[in-house]
Number of protein chains: 2
Amino acid sequence: MITVELLEKYGVIKKSFDKNDIILEEGNLPSHYYQIISGEVKMSNYNDDGREFIQGIFYNGQSFGEPPLFLNQKYPANAIAVENTEIFILPKGNFMKLLEENPKVSIKIIENLAQRLYYKSVMAAEISTHEPEHRVLKLIDHGIAYFNFQKDKNGYLINFTRQQIGDLTGLRVETVIRAIKALEKKGELKIINRKVYR
Amino acid sequence: MITVELLEKYGVIKKSFDKNDIILEEGNLPSHYYQIISGEVKMSNYNDDGREFIQGIFYNGQSFGEPPLFLNQKYPANAIAVENTEIFILPKGNFMKLLEENPKVSIKIIENLAQRLYYKSVMAAEISTHEPEHRVLKLIDHGIAYFNFQKDKNGYLINFTRQQIGDLTGLRVETVIRAIKALEKKGELKIINRKVYR
DNA sequence: TCCGTTTTATGATTAAAATCATAAAATGGA
DNA sequence: TCCATTTTATGATTTTAATCATAAAACGGA
């Protein structure tokens, strides 16, 4: 996350997106740095028969889509507004100048990329070698640590739909529903009027 | 990749590992920066029944294991020497000092992390939503672009065993063998005395 | 408040890859 | 050069999650 003052100094602009708007598209070449002001963004892929895989979900203050920007490669996924969203957008040239002139920002970027790489390492191993229940639980625990889940008297409210959990873990929605039921039976989590708590 | 001169200036040491030696272990806290001088290193996970998932394979000049170093988190995977390997090892404190005093290195680190994140994004989507043949072909094409595969009159020699391809794509070795056969039949690649070319 | 859409839910069936079994070929140390 | 190990290979069987079908509950705009 880069501070508003710094972004403004380098000529950032604000842009609004409605729910379900496409912010950037797979296959396109990157030209801007994106940082969320408010709202929620997902980056995801669709395979040939329309099945979705969610690479990640991003909230206030978080940036997304930097890797291809640094590599001059095409975006490997789409970015879509999950709800109405406001975003800071900075042209690549300005962004690079900002980085050069503010070395401490580089460290922030490194930490952010490291965090995302860490998540992807954990989930890749999960998706490849573990059963549905294990995958779902790992995603939930990651979500508690890194997403903005709220804690109340029942525990952490897992603010994902079953479909989203499926799209994040490579499982179909029915499998997720059954896995969550099984996890509840084992006492690993609670279901209170359809909402999942841990 | 950080230059030898710079590493030496900050007190790097060399260390040798034999084939199959464990360089660092899942669950441990990081304390050093690692950069390969010669040889080959894999980072991988093992699930409860010993099934392996290879996070990545690294060669001369490449570094590995940085994300947890930047985050002060436990390693999410093991690093193992695939063959006899020499490695530059720099203590965390020295490495951080090097970064602070050489801002251009930060950009290199960013590019490297971005590249690895890119690979993981592509493979995560593959593993979650595509059939074995597609997954194998995608890995092979990625390998051609980013690993040191050699080109000769038959095309690029894919320098992975079927088992390695399986461990990188989350498939069992028999499935990989059958997928490669099917891809040959479709003309997507060649098998010349058991070696795969593309 | 009504109605279309989304989300959660459950049972039956199917398909695809994993597993199991076995073996030939190749490789690499001793 | 020999022999143990690794790699590639193939067929049969099983298992597991996907798929298919259907529906109730909840949600959200108009």
Side-chain angles (χ1 to χ4, degrees), chain A residues 18-20 40 42 47-54 80-84 126-137 139-140 157-185 189-197, chain B residues 18-20 40 42 46-54 80 82-84 126-137 139-140 157-185 189-197:
Chain A
D18 289 334
K19 185 175 176 175
N20 297 324
E40 184 179 342
K42 68 175 174 186
N47 76 356
D48 299 334
D49 23 80
R51 186 166 173 191
E52 184 174 13
F53 175 73
I54 300 178
I80 295 166
V82 177
E83 48 187 59
N84 294 349
E126 280 296 316
I127 291 173
S128 299
T129 60
H130 285 100
E131 335 71 76
E133 287 176 37
H134 200 279
R135 283 151 80 167
V136 168
L137 207 54
L139 176 77
I140 284 174
L157 170 61
I158 308 309
N159 206 15
F160 285 147
T161 66
R162 270 75 164 163
Q163 184 64 61
Q164 284 179 314
I165 293 174
D167 293 341
L168 284 158
T169 55
L171 297 167
R172 309 305 325 229
V173 66
E174 298 96 324
T175 304
V176 173
I177 288 167
R178 291 186 250 252
I180 286 175
K181 287 268 157 92
L183 286 166
E184 189 202 21
K185 202 159 285 175
L189 38 77
K190 277 174 275 186
I191 306 176
I192 297 165
N193 58 31
R194 295 171 156 222
K195 304 225 164 293
V196 178
Y197 291 86
Chain B
D18 290 335
K19 185 174 174 175
N20 297 324
E40 184 180 340
K42 69 175 173 186
Y46 298 91
N47 75 356
D48 300 335
D49 24 78
R51 185 165 174 192
E52 185 175 11
F53 175 73
I54 300 178
I80 295 166
V82 177
E83 49 186 58
N84 294 348
E126 280 296 316
I127 290 173
S128 300
T129 60
H130 286 98
E131 335 71 77
E133 288 175 37
H134 200 277
R135 282 151 80 164
V136 168
L137 208 54
L139 176 76
I140 285 173
L157 169 61
I158 308 309
N159 206 17
F160 284 146
T161 66
R162 271 65 163 172
Q163 183 64 62
Q164 283 179 316
I165 293 174
D167 293 340
L168 284 158
T169 55
L171 297 167
R172 308 308 320 232
V173 66
E174 299 95 324
T175 305
V176 173
I177 288 167
R178 291 186 250 251
I180 286 175
K181 288 266 156 97
L183 287 166
E184 188 202 23
K185 202 159 285 175
L189 38 77
K190 277 174 275 188
I191 305 176
I192 296 164
N193 59 29
R194 296 173 155 220
K195 302 224 163 293
V196 178
Y197 291 86

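By convention in this document, chain letters (A, B, ...) are assigned in the order of the sequence lines, proteins followed by strands, and residues within each chain are numbered from 1.
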Under a 4.0 Å heavy-atom cut-off, which of residues 166-173 of chain B touch DNA chain C?
B:Gly170, B:Leu171, B:Arg172

Report the distance from atom NZ of B:Lys195 to atom CG of B:Asn159, rounding to the nearest 0.5 Å.
7.5 Å

Distance in Å, A:Arg162 CZ paired with A:Arg194 CZ, rounded so as to fall on 0.5 Å steps
8.0 Å

Identify the pairs formed between an N or O of the protein and an N or O of nucleotides 25-30 of chain D at a distance under 3.5 Å, and give each distance.
unit_1	atom_1	unit_2	atom_2	d
D:dA25	O4'	A:Arg194	NH2	3.3

Quick check on DNA chain D: between A:Glu174 and A:His130, whose nearest nucleotide comes earlier from the 5' end?
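Per heavy-atom nearest nucleotide, the more 5' residue is A:His130.
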
Judged by each residue's nearest nucleotide on DNA chain D, which is more toward the 5′ side, B:Phe160 or A:Arg51?
B:Phe160

Mind listing the closest non-hydrogen atom pair of A:Lys42 and A:Glu52 along with its distance?
NZ-OE2, 2.9 Å

Taking all non-hydrogen atoms of both residues, which atom of A:Ile127 and which atom of A:Leu168 are closest, and how far apart?
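A:Ile127 and A:Leu168 have their closest heavy atoms at CD1-O, 4.0 Å.
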
Could you state the atom-to-atom distance from CD of A:Glu52 to C1' of D:dA18 in whole Å?
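Going from A:Glu52 (CD) to D:dA18 (C1'), I get 18 Å.
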
Take the protein atom CD of A:Glu131 and the nucleotide atom P of D:dT16, then report the distance between them rounded to whole Å.
10 Å

Pair A:Ile54-A:Phe160, side-chain contact (heavy atoms from CB on, under 4.5 Å): steps then yes or no
CA-CA 12 Å; A:Ile54 300 178; A:Phe160 285 147; over 6 Å; no

Pairing residues for B:Glu40 by the side-chain hydrogen bond (donor to acceptor under 3.5 Å, both in side chains) criterion, not counting sequence neighbours:
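Scan of B:Glu40 (side-chain hydrogen bond (donor to acceptor under 3.5 Å, both in side chains), adjacent residues dropped) gives none.
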
side-chain hydrogen bond (donor to acceptor under 3.5 Å, both in side chains) filter on A:Gln163, not counting sequence neighbours, yields A:Asp167

Got [X] and [Y] here, is their nearest side-chain heavy-atom distance under 4.5 Å?
X	Y	answer
B:Asn47	B:Asp49	yes
B:Val196	B:Leu183	no
B:Thr175	B:Val136	no

Using modelled atom types and a 3.5 Å cut-off, is there a donor and acceptor pairing between side-chain atoms of B:Asp18 and backbone atoms of B:Asn84?
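No; judged by distance alone, with no hydrogens or angles, the pair does not exist.
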
Examine distances only and state if a side-chain atom of A:Arg51 and a backbone atom of A:Gly170 form a donor-acceptor pair shorter than 3.5 Å.
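Confirmed, A:Arg51 side chain pairs with A:Gly170 backbone.
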
Bend of the helix from C:dT1-D:dA30 to C:dA30-D:dT1 from end-axis comparison, five pairs per end, nearest 10°, comes to 60°

Leading and trailing nucleotides of DNA chain C with any atom under 4.0 Å from heavy atoms of chain A
C:dT7 to C:dA12

B:Thr169 and side-chain contact (heavy atoms from CB on, under 4.5 Å): which single residue from B:Ile140, B:Leu139, B:Leu137 fits?
B:Leu139

